[in-house]
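Below is one structure, written out as structure tokens; comments come after it.
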Amino acid sequence: MQYDRIDARILEIVQKNNRLTSEVIGQLAGLSATACQRRLKRLRSLGIIEADVSIVSPKTVGRPIQMLVLVTLERERSDIIDRFKKVIKSSVEVVNGFYVTGDADFVLYVSARTMEDYEQFTRRFFYENPDIKGFKTMVIMDRVKAGFAVPIEAPSDD
């Protein structure tokens, strides 16, 4: 069993606020602080909890320009896809990257200080990469919702 109902409750709690102490999380989930710590450690070691992060306001840290970029590769070959995944992971400007189905091969969430910085990024990241067939940029007007919370289904008691 990967996780049970109590683990599901813990996951719901930490997705809303991961700064709570094990004591508080335990109280909310009906556990002791020690049992809660053990479960959190197990959830992390299993990869169910991938990371503990803070969501930062891009505007307040000097990166007010945000874009979604649809990227199409020249060919869909595994070596080209893997190479582009590595490039995405190594770029600080790319906040999130997704390998997708549909008209584009990848969707990137990119932040920049200015449009000039974004233009320099496109030259370096897209135009100098022979594996890129094309890209389309959508400038984000307003970030309506930001988060990583996933709906948690508690397993049945079967």
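For the single chain, residues carry numbers from 1 onward in sequence order. What you see is a predicted model; the values in this text were computed from it and never measured.
Of all the heavy atoms in Ile13 and Leu20, the pair that sits closest is CG2-CD1, 3.7 Å. Here the shortest heavy-atom pairing between Asp105 and Glu76 reads OD1-OE2, 3.0 Å. Arg143 and Val56 make their closest contact through NH1-O, 3.7 Å (heavy atoms, listed as atom of the first residue, atom of the second, distance). Between Ala8 and Glu153, the shortest heavy-atom contact is CB-O, 4.5 Å. Summarising the geometry of Ser22 relative to Leu40, their closest heavy-atom pair is OG-CD1, 4.3 Å, with the distance given to 0.1 Å.
Residue pairs satisfying the ring pair (Phe, Tyr, Trp, His ring centres under 6.0 Å) criterion with at least one member in residues 62-97, sequence neighbours excluded, are listed as follows: Phe84-Phe106, Phe84-Phe125.
Legend: residues meeting ring pair (Phe, Tyr, Trp, His ring centres under 6.0 Å) with Phe126, ordered by chain and number and at least two apart, are Phe121, Phe135. Considering only residues two or more places apart in sequence or on other chains, Ser111 meets the side chain to side chain donor-acceptor pair (under 3.5 Å) condition with Arg63. Taking Arg77 as the reference, Asp79 meet the salt bridge (Lys or Arg N to Asp or Glu O under 4.0 Å) condition, with sequence neighbours excluded. By the side chain to side chain donor-acceptor pair (under 3.5 Å) test, Asp52 pairs with Arg44, sequence neighbours left out.
In terms of modelled atom types and a separation under 3.5 Å, the side chain of Asn17 and the main chain of Arg19 share a donor-acceptor contact. Of the possible polar contacts, one joining the Gln15 side chain to the Val150 backbone as a donor-acceptor pair under 3.5 Å is found. Between the side chain of Ser91 and the backbone N or O of Ile88 there is no donor-acceptor pair closer than 3.5 Å.
Under the 4.5 angstrom side-chain criterion for Ile, Leu, Val, Met, Phe, Trp and Tyr, the cluster partners of Ile55 are Val53, Phe148.
With values rounded to the nearest 0.5 angstrom, Arg42 atom CZ is found 8.5 Å from Ile10 atom CD1.
When only modelled atom types and interatomic distance are considered, Thr21 and Glu23 share no side-chain donor-acceptor pair under 3.5 Å.
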